[in-house]
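Everything on this sheet refers to the single structure shown next.
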Amino acid sequence: MEDNRKISWKENFRINRRAVWLWCREYPALFISTGLFSLTNALSPYVAIYFSAQIINELAGMKRKDLLIHYVVTLLLTEAAALLVNSLLGRWKNALSAPLHYYNEKRISDKLLSMDFCVADDNATYEKVDSVFQTENWGGWGLGKIYYQFQKFLEEFFKMLGGLALSLSLFILPVADEGLAFLNHPLCILLLLLLLMGVIVVSPYLETIGNRFWTESDEEIKLSNRLYFYVLALSGQQKSALDIRIYRQDIMNTYFFEQMLSMTNDKFSRYAKGKMGFAFALSAIASRVFMGIVYLFVCLKAWGGAFGIGSVTQYISAITALAGGIGGMLKELGEAGLNAVFLKEFFEFLDIPNRMYQGSLTVEKRSDKNYEIEFRNVSFRYPGTESYALKDVSLKFKVGRRLAVVGQNGSGKTTFIKLLCRLYDPVEGQILLNGIDIRKYNYREYLNVFSVVFQDFKLLALPLGQNIATGQVYEMEMAKECLEKAGIWERVRSMKNGLDTFLYKDMDEGGVQISGGEEQKIAIARALYQDAPFLILDEPTAALDPVAEYEIYTRLDEIVEDRTAIYISHRLASCRFCDEIVVFHEGRMVQKGSHEELVSCENGKYRELWEAQAQYYAES
Ligand code: ADP
């Protein structure tokens, strides 16, 4: 297996550059404000360092009053101005960066929504998305980190420039003392610089080695994080609260704590005592060695008369900042190297191509809703599976009729609908709309031909009217009409805010908590509002009580009007009202006909299912 963690420095650079560029291109104002903030933030301490040195030099030397006043006033004014500008820039930058996390999540959800459904539905894709989320959550790695790295890197860079500017004269000013004249020699300066550079580089390098622990443990940390969010979501769900209590599903907590303890008590402490701790300790020692050399050099030069006592503080501070800047930049580069592993995973997800053929034919808009759909020898296998979920299905829908698709669980009913909505393309055969292969149509337009109520539909915690229209602006009369047809208008009318009532309490405390049956009726009203020529109802009555179910299917004609309805159910009693029933069994269409025809066919699958269910529906 390819080890994803081994990335060449060239690829590393390319990945990080792409990530920085992605942010810069999309949010230029954020990057300008951050750049300016980093500049003022990094340089403002040098004002105090420089002027303090001048003041001490003057105090220890000629004590010129005018000059001292000039230094103090300039120091105060410059400091005040720098603070003001810095805090303004900080506010600007913070305001712009506040939604960064949201931008990132949106990028992921936009990609998920725009990718071919068959890819989005694939387990491997779910794994990838989950991994990307976990990465962001447990250590702030991935794309989110890039912005903070960029800010830190710039700050360190400016810090280094400031330090360099204030420490240059340290190497140039000669000592007068003959005994220390060797300090003026270029070779001595070169040696010293090399020594300093060596120590500066070693410290962040060792720190990066220590930090490598995070990337090495990411799989385990992701597992802890996954458990954490799962446990959090589980305990926060109103719907499952009862189930959790009865079945003591807080067992998940036990798993979570076991996993966490094994990470913290075992692995963390092992790493801390071992290589990681050693690397961090050496890194700290290296920076102390550096300070020792700097102090020695600066003090010797001051001793030798190269500069005044005030400049000692300036040089010590400046050269420490210079080293800190270089070290900080190297540390950020090291972290960028580690982050590349996560960025790579993220970009692999963003780069998943859409392979489904996108046609360009426009779907003819017909006021008479006269559309005809044909399945011609259609077979289908889910990606990565061997067995056919649908095999050799041929079927024509008559316009304006009600077609029921029945069969046991797993017989292929939902797959049939997924193919019809072109969420997947058939492996063999063709699906035709008005005689033309559906692949040739513009996909958006083709989708407008269908309104679907899926089994696991989702309503949003928004006002009811907006849910019906799936938009903020909607026609009230039409929404009301659809709710009436779905048989839930009276309930909506009784709500205090009518169509403006929020569903659920997530977004509004006054929101209504509705039953499963009511949800289903609202979902049906939503499908009716789309006013598409085909209305597909996938197990639309599964959450309804028998009375409500009976009410829905006896009023099916009223609900459906002149649309073509495709009604999927394994409850045969609710399909009796359809003009035509097709029976699926193990992916094949085994029977077709009206209820009377099918029920009279003695050895047929329909009759077998009917008899098995008859006892439950004896009176209906
Ligand atoms: P039904 O709607 O009649 O209950 P489905 O169409 O959902 O049946 O499933 C038909 C067959 O396809 C089943 O064997 C099911 O396990 C399989 N199947 C459904 N969805 C997937 C999927 N996403 N990946 C792989 N196999 C699937």
Side-chain angles (χ1 to χ4, degrees), residues 112-113 115-130 349 352 354-356 373 375 377-395 397 402-429 431 438 450-458 516 520 523-524 527 534-544 549 553 565-576 578 580-592 595 598 604-610 612-613 616:
L112 273 174
L113 286 176
M115 64 171 46
D116 288 345
F117 181 82
C118 50
V119 182
D121 198 32
D122 189 354
N123 262 346
T125 311
Y126 279 116
E127 278 289 318
K128 233 181 214 343
V129 175
D130 192 60
F349 165 69
I352 294 175
N354 278 350
R355 295 198 193 283
M356 266 174 113
I373 292 266
F375 272 57
N377 305 108
V378 170
S379 294
F380 178 72
R381 259 193 326 252
Y382 281 98
T385 59
E386 288 296 313
S387 56
Y388 280 92
L390 276 189
K391 186 78 190 146
D392 202 20
V393 174
S394 292
L395 178 68
F397 314 161
R402 285 93 185 83
L403 172 79
V405 181
V406 303
Q408 286 160 304
N409 279 340
S411 57
K413 304 185 294 293
T414 304
T415 307
F416 172 75
I417 297 302
K418 284 183 183 165
L419 291 186
L420 180 61
C421 296
R422 226 198 138 200
L423 296 178
Y424 290 93
D425 279 333
V427 174
E428 290 153 31
I431 304 171
I438 60 171
F450 303 98
S451 290
V452 194
V453 182
F454 280 110
Q455 234 168 3
D456 41 8
F457 62 86
K458 181 109 185 89
Q520 209 137 17
I524 292 175
F534 285 85
L535 178 65
I536 302 171
L537 303 163
D538 186 359
E539 298 281 6
T541 55
L544 301 185
E549 181 182 355
Y553 58 69
I566 303 168
Y567 192 86
I568 298 179
S569 183
H570 58 249
R571 299 197 201 178
L572 304 195
S574 46
C575 302
R576 278 189 305 178
C578 292
E580 191 167 41
I581 300 171
V582 291
V583 186
F584 276 73
H585 183 59
E586 294 176 352
R588 289 180 184 273
M589 199 181 86
V590 290
Q591 274 185 300
K592 188 168 97 173
H595 170 72
L598 293 174
K605 187 75 193 165
Y606 188 84
R607 173 131 175 187
E608 181 194 322
L609 293 172
W610 177 255
Q613 292 183 6
Y616 302 111

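Remember, it's 1-based here, ligands and their atoms both numbered in the order they're listed.
- With G410, G587, P383 as candidates, the residue nearest to atom 13 (C) of ligand 1 on a non-hydrogen basis is G410.
- Separating the CZ atom in F375 from the CD1 atom in I438 is a distance of 7.0 Å, to the nearest 0.5 Å.
- Proximity of L112 to Y126: side-chain heavy atoms (C-beta onward) are nowhere separated by under 4.5 Å.
- Put simply, the side chain of L395 reaches to within 4.5 Å of the side chain of L403, judged on heavy atoms.
- With a heavy-atom cut-off of 4.0 Å, I568 does not touch ligand 1 at all.
- In terms of heavy atoms, D538 sits closest to I568 at OD1-CG2, 3.5 Å.
- When all heavy atoms of E428 and Y388 are compared, the closest pair comes out as OE2-OH, 2.7 Å.
- No side-chain donor-acceptor contact under 3.5 Å links Q591 to the backbone of G604.
- Heavy-atom contacts of N409 reach the following atoms of ligand 1: 4 (O) (cutoff under 4.0 Å).
- For ligand 1 and Q408, the ligand atoms under 4.0 Å from any heavy atom of the residue are 3 (O).
- Compare Y382, F380, F416 by their heavy atoms: the one nearest to atom 21 (C) of ligand 1 is in Y382.
- Distance check for atom 15 (C) of ligand 1: every protein heavy atom is found at 4.0 Å or beyond.
- In summary, the atoms of ligand 1 found under 4.0 Å from a heavy atom of D121, numbered by their order in the structure, are 23 (N).
- Residue contacts with ligand 1 include S411, since one of its heavy atoms falls under 4.0 Å from the ligand.
- Where the criterion is an N or O separation shorter than 3.5 Å, residue side chain and backbone included, K413 meets it with respect to ligand 1.
- Protein heavy atom nearest atom 2 (O) of ligand 1, with residue, atom name and distance: T414 OG1, 2.6 Å.
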Do F584 and T415 pass the side chain to side chain contact (heavy atoms under 4.5 Å, CB included) test, and can you show the C-alpha distance, the side-chain angles, and the key distance before you say yes or no? CA-CA 11 Å; F584 276 73; T415 307; over 6 Å; no
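- Atom numbering of ligand 1 starts at 1 in the shown order; those under 4.0 Å from a heavy atom of A389 are 11 (C), 12 (O).
- Closest to atom 5 (P) of ligand 1, if we only count protein heavy atoms, is T415 OG1, 3.6 Å.
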Side chain to side chain contact (heavy atoms under 4.5 Å, CB included), that's the test. Do L420 and F397 meet it? Break it down for me. CA-CA 12 Å; L420 180 61; F397 314 161; 4.0 Å; yes
